[in-house]
Participant: 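What follows is a structure written as structure tokens; I'll ask about it next.
Sequence positions, counted from 1, serve as the residue numbers for this chain.
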Amino acid sequence: MDGFEWNKIIGAILGTMLFVLAIGFIAEAIYRPIEGRGVGYALPEVAVEGDGPENGGGDVVVAEVSPLAGLLAAANVDAGQRQSRKCFACHNFEEGAANKVGPRLWDIVGRPVASEDDFNYSEAMQEYGASGAHWTYDELDQYLTSPKALVAGTKMSFAGMSKPEERADLLAFLRTLSATPVPFPDPQATAAGEAAPVAEGESPGAAAELEAPPVAEPEAPPAEPVAAAVAPVADGLAASVAAASTDAGERVSRKCAACHDFREGGVKRVGPPLWGIVGRAVAAEGDFAYSPAMAAFGATGAAWTIEILDAYLANPKALVPGTKMTFPGIADEQERIELLAYLQTLGGSPPAAE
């Protein structure tokens, strides 16, 4: 190969390099990033062992909101019932139903582990039960995530559910499988395990927390301050309720379905059934365990008129101080009016508003 051919090869290589370099300059000029533009969101720092200002790290972020409690508060019972189809082959869900490959799941939430006398548990599960463990929401969530990780040696062949939202939906459905459902844990409870009051209910209201160890009931407040807490309502409440959409009210009522039954002759859950609630005397369900505060309010002769229901739905604790109802209330006035319109369709004899 003579010198001329080598010159052509070297020239081609140099030309290619110059071409690539030129393309790089052109691309940088066209696609130069624009800084300091637009709204950004700074993610919180994740604390690790040894992190913190004293070690040159950022401020340690301590989360006080229970992730599981938040998921349960937003869980969908219907979606959970669909998730439960994965369990039908091995479990029965009805009260008094026979065991299958696995034990029946009626009243599973809060039940002591390995406590069904007529079921043959594995040795690993019996040992776990002997430790005093109960099927709390947290234990069930861990078990549903990976049965063998929580109870090494269990004969449970189910691989587990990796999505937290699906587990929360299933737990919300399992909660309904009881005549006395265990309240959900409080989303605002601190990591230190601060106990909050148990949900109460003579009025629609949903999210409640896991029952705390028995404590003394609060003293019932005087009847007069309780009754005086009902603020005068705006004129035209009855007319607004009469004109409201009951279909919209039924949708609002789904916030209450976890704690209340709306059917005639419905069962008592965390709160009493709401059939015939409008016009009913306060704390009138004789076989429901009302709080002393609610019982005292009922002793004044109060009834659930639409005015009193509206005040209670707006802020339960403002109307009845000392109530164990943890539902914070419905701030949107139109939603309350629509819910009242729906509640009026649930039997009873609604009294006319003054």
Side-chain angles (χ1 to χ4, degrees), residues 66-185 187 206-211 254 256-261 263 266-270:
S66 166
L68 177 59
L71 289 171
L72 289 173
N76 185 306
V77 174
D78 292 336
Q81 187 171 16
R82 291 192 293 272
Q83 290 296 331
S84 73
R85 295 171 187 168
K86 301 175 181 179
C87 319
F88 281 167
C90 297
H91 296 276
N92 263 324
F93 292 83
E94 297 80 17
E95 184 176 11
N99 295 313
K100 293 184 179 180
V101 177
R104 67 185 70 86
L105 295 182
W106 176 266
D107 253 342
I108 183 64
V109 181
R111 189 168 77 197
V113 172
S115 60
E116 294 290 284
D117 294 334
D118 56 345
F119 185 77
N120 184 26
Y121 294 96
S122 66
E123 290 185 6
M125 190 62 75
Q126 290 179 44
E127 291 176 4
Y128 187 42
S131 69
H134 284 65
W135 288 122
T136 63
Y137 289 111
D138 184 62
E139 294 287 316
L140 282 168
D141 183 60
Q142 294 181 57
Y143 193 65
L144 289 171
T145 302
S146 176
K148 294 187 184 297
L150 182 65
V151 185
T154 179
K155 293 188 290 188
M156 177 84 156
S157 60
F158 182 59
M161 302 170 65
S162 60
K163 294 183 179 179
E165 295 79 9
E166 290 186 356
R167 298 197 303 271
D169 289 339
L170 179 54
L171 289 173
F173 170 66
L174 293 178
R175 179 182 180 276
T176 68
L177 306 180
S178 174
T180 55
V182 176
F184 287 146
E209 71 284 349
L210 189 64
E211 288 180 305
R254 294 171 188 169
C256 322
C259 296
H260 297 275
D261 195 325
R263 301 167 297 177
V267 299
K268 294 171 180 61
R269 296 178 179 171
V270 177

Participant: Please report the interatomic distance CZ(R111) to CG(L140), rounded to the nearest 0.5 Å.
Facilitator: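 Here the rounded value is 9.5 Å.
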Participant: Can you list the residues that meet the salt bridge (charged side-chain N to carboxylate O under 4.0 Å, His left out) rule with R263, with sequence neighbours excluded?
Facilitator: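 Salt bridge (charged side-chain N to carboxylate O under 4.0 Å, His left out) check on R263 returns D261.
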Participant: With side-chain contact (heavy atoms from CB on, under 4.5 Å) as the test, would you mind laying out the steps for L144 and L170 before giving the verdict?
Facilitator: CA-CA 9 Å; L144 289 171; L170 179 54; 3.9 Å; yes
Participant: I'd like a table of donor-acceptor pairs (distance under 3.5 Å, sequence neighbours excluded) in which one partner is a side-chain atom from residues 74-81, with atom names and distances.
Facilitator:
unit_1 : atom_1 : unit_2 : atom_2 : d
N76    : OD1    : D78    : N      : 2.9
N76    : OD1    : A79    : N      : 2.8

Participant: Compile the donor-acceptor pairs under 3.5 Å between side chains in residues 88-97 and protein atoms, sequence neighbours left out, one pair per line.
Facilitator:
unit_1 : atom_1 : unit_2 : atom_2 : d
H91    : ND1    : P103   : O      : 2.7
N92    : ND2    : A98    : O      : 2.8

Participant: Which heavy-atom pair separates P185 from A69 by the least distance, and what is that distance?
Facilitator: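 Shortest heavy-atom separation between P185 and A69 comes out as O-CB, 3.6 Å.
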Participant: Return the CZ to SG distance between F173 and C87, rounded to the nearest 0.5 Å.
Facilitator: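 Separation between the atoms: 9.0 Å.
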Participant: Are any non-hydrogen side-chain atoms of R175 and V182 less than 4.5 angstrom apart?
Facilitator: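 No, their side chains stay 4.5 Å or more apart.
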Participant: About how many Å separate CG of N120 and CD of E123, when rounded to the nearest 0.5 Å?
Facilitator: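 The distance works out to 9.5 Å.
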Participant: A124 and A152: which non-hydrogen atoms are nearest, and at how many Å?
Facilitator: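 Closest approach of A124 to A152: CB-O, 3.3 Å.
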Participant: Walk me through whether L171 and L68 qualify under side-chain contact (heavy atoms from CB on, under 4.5 Å).
Facilitator: CA-CA 10 Å; L171 289 173; L68 177 59; 4.2 Å; yes
Participant: Looking at every non-hydrogen atom in both residues, tell me the closest pair between S122 and G153 and how far apart they are.
Facilitator: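 Reported closest heavy-atom pair: OG-O, 4.3 Å.
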Participant: Just to verify, what does S162 make a side-chain contact (heavy atoms from CB on, under 4.5 Å) with, not counting sequence neighbours?
Facilitator: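 Here no residue qualifies.
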Participant: Looking at residues at least two apart in the chain, or sitting in another chain, which of them share a ring-ring contact (aromatic ring centres under 6.0 Å, His included) with F158?
Facilitator: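 ring-ring contact (aromatic ring centres under 6.0 Å, His included) check on F158 returns nothing, list empty.
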Participant: Would you give the length of the straight line joining atom CD1 of I108 to atom OG of S115, rounded to the nearest 0.5 angstrom?
Facilitator: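 Result: 7.5 Å between the selected atoms.
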Participant: By side-chain contact (heavy atoms from CB on, under 4.5 Å), which residues pair with K86, not counting sequence neighbours?
Facilitator: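 Partners of K86 by the side-chain contact (heavy atoms from CB on, under 4.5 Å) criterion, ordered by chain and then number, come out as Q83, M161, E166.
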Participant: Which residues pass the salt bridge (charged side-chain N to carboxylate O under 4.0 Å, His left out) test with D141, not counting sequence neighbours?
Facilitator: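 Applying salt bridge (charged side-chain N to carboxylate O under 4.0 Å, His left out) to D141 gives R167.
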Participant: Between atom CE of M156 and atom OH of Y121, what is the distance when rounded to the nearest 0.5 Å?
Facilitator: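 The OH atom of Y121 is 12.0 Å from CE of M156, to the nearest 0.5 Å.
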Participant: Does Y137 use its side chain to pair, donor to acceptor, with the backbone of A172 at less than 3.5 Å?
Facilitator: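 Such a contact is absent between Y137 side chain and A172 backbone.
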Participant: Who are the ring-ring contact (aromatic ring centres under 6.0 Å, His included) partners of W106, not counting sequence neighbours?
Facilitator: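 By the ring-ring contact (aromatic ring centres under 6.0 Å, His included) rule, W106 matches no residue at all.
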Participant: Name all pairs fulfilling the salt bridge (Lys or Arg N to Asp or Glu O under 4.0 Å) condition that reach into residues 128-138, sequence neighbours left out, sorted by first residue then second.
Facilitator: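 Sorted result for residues 128-138: empty, none.
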Participant: Checking D118 now: which residues fulfil side-chain contact (heavy atoms from CB on, under 4.5 Å) with it, not counting sequence neighbours?
Facilitator: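 Here the qualifying residues are N99, R104, E116.
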Participant: With side chain to side chain donor-acceptor pair (under 3.5 Å) as the rule and sequence neighbours excluded, what pairs involving residues 149-161 come up?
Facilitator: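 Sorted result for residues 149-161: Y143-T154.
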Participant: Taking side-chain contact (heavy atoms from CB on, under 4.5 Å) as the test, write out the residues that go with A149, two or more places apart.
Facilitator: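 S146.
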Participant: H134 vs V113, test: side-chain contact (heavy atoms from CB on, under 4.5 Å). Steps then yes/no.
Facilitator: CA-CA 5 Å; H134 284 65; V113 172; 5.6 Å; no
